[in-house]
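One structure is given below, encoded as structure tokens.
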Amino acid sequence: MAPPGAETLWDTKRVIPMSVMQLADEAAPLPEKFLKKAGERPITAYNEFCKEIPVISLDGIDTQKGRERIVAEVGRACAEWGIFQVVDHGVPQKLMNRMMENTLAFFKLPLEEKMKYASKPGGFPVGYASGSHRADDDILDWRELIAHRALPKENREKDYSHWPENPAGYRETVVEYSDTMDALVTTLLGVISESLGLPRDYIKNAVGGENAEQKILLNYYPQCPQPDLTLGLRSHTDYGTITVLQQDEVGGLQAYKEDRDQWVTVEPIPGALVINLGDQIQILSNAKYCSVEHQAVVNSNQTRLSLVTFANPSSMAQMGPAPELLSEANPAKYRSYTFRDYLPICFAHKTKKHYDALVI
Ligand code: OGA
Ligand code: NI
């Protein structure tokens with residue numbers, strides 16, 4: 001079922017089965033492809049916020065005392081939650097606002113205009129898509145999205161055909177945001193390294209130093225007539241190093257707290273950034289830290305935006321548990337591998353959690 005006018009845009013060269021924004025405007029019952037199975041539907045409300053997810057101030061990071069506090073707090077948050085928020089992180093509020101404005105302006109463009117940047121089936125998932133980045137996906141999520149390869153710089157330039165020129169200023173803003181986020185990621189990887197008892201530059205070097213990759217994903221979750229039957233984004237772990245997420249004031253990001261068997265909603269805090277660990281940190285830390293399972297729920301009142309920066313290793317990085325952390329009492333729980341092979345190995349094993357494919 002394609003909305004009126006969309007049929008002509010849906011051809012085999014582009015991955016836009018239907019525009020979720022157009023479906024949202026029709027407010028009709030959800031097409032079958034959006035219906036999640038009973039066990040995969042939302043349980044916790046989008047606005048029932050969990051007050052316990054750590055919120056860590058990075059103020060004082062350049063002083064010895066401040067850094068010790070931050071390293072201790074981040075270490076605890078990584079072990080107990082795998083997700084936390086940071087404030088006083090130094091990312092200018094004006095830049096964060098500009099990113100939100102450009103993202104909103106892009107998604108509000110007519111579908112025909114957004115289609116100029118549409119994702120191509122079979123290729124690396126970059127560009128604009130609606131419902132899913134994969135043409136053959138059996139289930140769709142209640143979101144529209146646009147993704148960019150942002151770092152290293154050679155990737156960015158190769159990808160510019162998928163970077164909107166409309167709204168004016170979009171490209172420059174994303175470039176500035178990408179570089180700013182890269183600096184924050186370097187800081188956080190330093191703190192996480194030290195919290196594991198490793199040298200500050202350990203993880204940064206392990207993931208390939210300046211060759212490490214960064215992907216930027218902008219999500220638009222329209223209001224949804226039947227939010228209890230679907231998800232904005234299905235449950236998953238992020239396969240990379242760490243993720244930095246900026247969200248608006250609506251709420252919808254949820255993490256699974258395994259020891260409580262409970263989904264908890266991350267509270268939107270103005271100016272804060274959400275940090276979650278990816279699979280590579282769980283593996284590098286030999287499961288001392290967890291790559292948290294998370295999802296996005298939608299609601300019938302408001303649309304929601306999230307701006308997501310993924311820090312990933314370079315494709316040639318040799319990944320696995322850090323040898324410095326291993327001992328007779330703490331033997332390696334995972335095999336080592338080249339990062340390029342990580343997802344293919346995981347897909348071949350079809351394990352529920354990607355990293356389980358590497359368990360020794
Ligand atoms: C993601 C993600 C959550 C959100 O894009 O990987 O987890 O709230 N997004 O958009
Ligand atoms: Ni995610």
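We count ligands from 1, going down the list as the structure has it; atoms in each ligand are counted the same way. If you read the sequence from its start, that first residue is 1, and numbering goes on from there.
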Could you walk me through whether Glu194 and Arg67 satisfy the salt bridge (charged side-chain N to carboxylate O under 4.0 Å, His left out) test, starting with their C-alpha distance in whole Å, then the side-chain angles of each, then the deciding distance to 0.1 Å, before giving a yes or no? CA-CA 10 Å; Glu194 289 175 7; Arg67 194 167 179 96; 2.9 Å; yes
Report yes or no: does Gln295 have a heavy atom closer than 4.0 Å to ligand 1? no
Determine whether any heavy atom of Gln247 lies closer than 4.0 Å to an atom of ligand 1. no
Identify the closest protein heavy atom to atom 6 (O) of ligand 1: which residue and atom is it, and at what distance? His236 NE2, 3.0 Å
So the atoms of ligand 1 within less than 4.0 Å of a heavy atom of Leu253 turn out to be 3 (C), 8 (O)
Can a donor-acceptor pair be found, under 3.5 Å and without considering hydrogens, that links the side chain of Asp238 to the backbone of Thr243? no
Is it true that Ser314 and Glu213 share a donor-acceptor pair across their side chains at a distance under 3.5 Å? no
Give the atom numbers and elements of ligand 1 that come within less than 4.0 Å of a heavy atom of Leu217. 5 (O)
How about CD on Glu210, more than 12 heavy atoms from neighbouring residues, nucleotides or ligands closer than 6.0 Å, or not? no
Atoms of ligand 1 less than 4.0 Å from Phe310 heavy atoms? 1 (C), 5 (O), 6 (O)
If we set the cut-off at 4.0 Å for heavy atoms, which region of Gln246 has an atom near ligand 1: side chain, backbone, both, or neither? neither
Determine whether more than 12 heavy atoms belonging to other residues, nucleotides or ligands lie under 6.0 Å from atom CD of Gln262. yes
Is a side-chain donor-acceptor pair under 3.5 Å present for Gln214 with Ser178? yes
Min over Thr309, Leu245, Leu305, Asn219 of heavy-atom distance to atom 3 (C) of ligand 1 lands on Leu245
Under 4.0 Å from any heavy atom of Arg304, which atoms of ligand 1 are there? 4 (C), 8 (O), 10 (O)
Give a yes or no on whether the backbone of Val20 and the side-chain of Ser130 come within a donor-acceptor separation of less than 3.5 Å. yes
Between Thr237 and Glu293, is any side-chain donor less than 3.5 angstrom from a side-chain acceptor? no
Region of Asn276 engaging ligand 1 - heavy atom pairs below 4.0 Å: neither
Among non-hydrogen protein atoms, atom 9 (N) of ligand 1 lies closest to Leu233 CD2, 3.4 Å
Is there a salt bridge (charged side-chain N to carboxylate O under 4.0 Å, His left out) between Asp179 and Arg156 once you walk through the steps? CA-CA 11 Å; Asp179 291 338; Arg156 195 187 272 176; 2.8 Å; yes
Contacts of the Ni ion (ligand 2) with protein N/O/S atoms, counting only those under 2.8 Å: His236 NE2, Asp238 OD1, His294 NE2
Nearest to atom 4 (C) of ligand 1, what protein heavy atom do you find, and at what distance? Tyr221 OH, 3.4 Å
Would you check if the distance from the ring center of Phe347 to the ring center of His354 is below 6.0 Å? yes
Flag the pair Tyr177 / His148 as yes when their ring centroid distance falls below 6.0 Å, and as no otherwise. no
Does Arg143 reach ligand 1 with a nitrogen or oxygen that is under 3.5 Å from one of the ligand's nitrogen or oxygen atoms? no
Is it the case that atom CD in Glu157 sees more than 12 heavy atoms from other parts of the structure closer than 6.0 Å? yes
